[in-house]
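Atoms within each ligand, like the ligands themselves, are counted from 1 in listed order. In this chain, numbering begins with 1 at the start of the sequence shown.
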Amino acid sequence: MTAKIISGTETAKAIREELKQEVDQLREKHNVVPGLVTILVGEDPASQSYVTAKTKTAKALGIHSEQVTLPAETSEQELLAIVDKYNNDVKINGILVQLPLPKHINEGKVLFAINPDKDVDGFHPVNVGKMMLGEQCFLPCTPHGILELLQRSGTETSGAEVVILGRSNIVGKPIANLMLQKRKAGNATVTICHTRTKDMAFHTRRADIIIAAVGVPKMVTADMIKEGAVVIDVGVNRIGMTSEGKAILAGDVDFESVKEKAAAITPVPGGVGPMTITMLMKNTVQAAKQAAGLI
Ligand SMILES: NC(=O)c1ccc[n+]([C@@H]2O[C@H](COP(=O)([O-])OP(=O)(O)OC[C@H]3O[C@@H](n4cnc5c(N)ncnc54)[C@H](OP(=O)(O)O)[C@@H]3O)[C@@H](O)[C@H]2O)c1
């Protein structure tokens with residue numbers, strides 16, 4: 001069996017077309033222009049490229065977009081003051097502080113300072129709590145993107161054995177929680193593996209759906225999956241450079257071997273990555289509609 005490729009690029013394109021229409025309608029019918037600010041502290045090249053991609057995508061959709069780039073020495077107080085300024089800026093509906101922050105800044109304190117109504121990354125404890133309870137909130141972008149990929153690719157999750165590799169606050173834990181819930185792309189039986197898991201392959205071999213988010217290149221190999229599994233590869237690992245200085249990326253899944261055994265698989269790049277940015281745009285449009293009293 002050669003797996004069907006679940007293309008994040010294609011799915012994200014379709015969602016962006018829907019969003020562009022929604023943004024056009026908001027502007028024409030309600031005089032509402034969604035606004036997003038991205039705040040980057042320091043010069044990490046990966047973070048810089050993520051922020052640039054977010055700003056570019058926002059602009060392409062007609063979202064008002066501002067980008068704040070701060071030196072690595074920026075103090076916590078200075079950053080908190082900037083977040084507060086955007087909390088009070090009516091042109092801005094979504095505030096994204098690019099993580100990771102330099103070590104001298106308390107990440108939790110900064111995320112907590114964002115107005116939960118503008119927390120389009122879905123990391124504020126209020127939104128995390130609402131998500132846990134299954135209430136309306138901003139869903140964190142990567143798990144949200146995974147749900148959309150599963151749903152739009154027609155993957156049955158109800159009653160499925162789902163094995164998630166990784167327990168981070170931004171991917172593993174929230175996707176586990178969401179897939180457990182009584183909701184679309186949910187109702188699964190969920191297992192989470194991490195570095196203390198005794199026999200990871202024991203779990204992955206019985207999984208109908210595997211979601212790999214560990215940050216270890218090509219860790220999931222064909223012998224670890226059952227025939228016909230659906231494999232979602234969240235990992236983005238830089239494993240080298242091309243002669244033109246472009247990063248060579250690998251996922252957490254050994255794509256070449258696993259695609260011969262899986263029913264469906266997401267590639268890296270072109271899988272979960274484009275969905276994450278798109279879900280940020282979706283959350284920003286949702287924030288603008290909420291602020292305008294339209295939902
Ligand atoms: N495509 C996207 O949009 C997107 C978004 C976010 C992240 N990512 C990528 O997804 C990957 C994971 O990101 P993250 O932020 O969730 O990472 P993270 O915070 O570093 O968490 C990694 C998790 O994987 C577990 N783990 C690491 N090595 C393992 C091993 N050998 N065996 C079993 N478990 C292991 C860790 O276990 P412990 O808890 O026991 O340490 C931890 O729970 C990275 O490659 C990242 O770049 C992609």
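Rounding to the nearest 0.5 Å gives a distance of 8.5 Å between CD1 of Ile146 and CE of Met179. Atoms OG1 and CD, from Thr11 and Gln151 in turn, are 11.5 Å apart once rounded to the nearest 0.5 Å.
In the model, Ser257 has no side-chain atom that pairs as donor or acceptor with a side-chain atom of Thr221 under 3.5 Å. Side-chain contact annotation: Gln48 with Asp44, donor-acceptor N/O pair under 3.5 Å absent. Side chain to side chain, Thr38 and Gln98 fail the donor-acceptor criterion of an N or O pair below 3.5 Å.
Nearest protein neighbour of atom 43 (O) of ligand 1, counting heavy atoms only, is Arg167 N, 2.8 Å. Distance from atom 15 (O) of ligand 1 to its nearest protein heavy atom, with residue and atom name: Ile170 CD1, 3.5 Å. With hydrogens left out, the protein atom closest to atom 31 (N) of ligand 1 is Met219 SD, 3.6 Å, a heavy atom. The shortest contact between atom 6 (C) of ligand 1 and any protein heavy atom is with Val171 CG2, 3.8 Å. Closest protein heavy atom to atom 20 (O) of ligand 1: Val214 O, 4.7 Å. The protein heavy atom nearest to atom 47 (O) of ligand 1 is Val236 O, 3.3 Å. From the protein, the heavy atom lying nearest to atom 17 (O) of ligand 1 is Ser168 CB, 4.3 Å.
The heavy atom nearest to atom 11 (C) of ligand 1, considering only Gly166, Pro143, Gly215, Gly145, is found in Gly215. Taking each of Arg238, Met200, Met279, Arg196 in turn, the one with a heavy atom nearest to atom 32 (N) of ligand 1 proves to be Met200. The nearest non-hydrogen atom to atom 2 (C) of ligand 1, considering only Ile277, Thr276, Thr266, comes from Thr276. Between atom 12 (C) of ligand 1 and the options Ala213, Gly251, Ala250, Ala212, the minimum heavy-atom separation is to Ala213. When Asp252, Asn237, Val234, Ile146 are ranked by how near their heavy atoms come to atom 10 (O) of ligand 1, first place goes to Val234.
Contacts between Thr195 and ligand 1 below 4.0 angstrom, taking non-hydrogen atoms only, involve backbone and side chain alike. With a 4.0 Å heavy-atom cut-off, ligand 1 is reached by no atom of Asn169. Only the side chain of Thr142 comes within contact range of ligand 1, with a heavy atom under 4.0 Å; no backbone atom does.
Heavy atoms from other residues, nucleotides or ligands lying under 6.0 Å from CG of Asn31 number 12 at most. Other residues, nucleotides and ligands place no more than 12 heavy atoms under 6.0 Å from the CE atom of Met132.
Distances from ligand 1 to the non-hydrogen atoms of Gly273 include at least one value under 4.0 Å. Under a 4.0 angstrom heavy-atom cut-off, Leu165 registers as lying outside contact with ligand 1. No heavy atom of Met275 sits closer than 4.0 Å to any atom of ligand 1. Within the structure, ligand 1 lacks Cys193 among the residues with a heavy atom less than 4.0 angstrom away.
Taking hydrophobic clusters as Ile, Leu, Val, Met, Phe, Trp and Tyr residues chained together by side-chain heavy-atom distances below 4.5 Å, Leu61 shares a cluster with Leu294.
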| field | CA sep, side-chain torsions, deciding dist, call: Lys20, Asp24, salt bridge (Lys or Arg N to Asp or Glu O under 4.0 Å) | value | CA-CA 6 Å; Lys20 173 98 179 59; Asp24 288 348; 3.3 Å; yes
| said: Using the rule given for salt bridge (Lys or Arg N to Asp or Glu O under 4.0 Å), can you reason through Glu256 versus Lys218, listing the C-alpha separation, both sets of side-chain angles and the distance that settles it, and then say yes or no? | reply: CA-CA 10 Å; Glu256 289 307 322; Lys218 305 185 185 188; over 6 Å; no
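Under 4.0 Å is where a charged nitrogen must lie from a carboxylate oxygen, and between Glu18 and Lys282 no such pair does.
Every atom of ligand 1 is numbered from 1 in the order shown, and the set under 4.0 Å from a heavy atom of Val216 is 28 (N).
The main-chain N or O of Met279 is never found under 3.5 Å from a side-chain atom of His144 such that the two would form a donor-acceptor pair.
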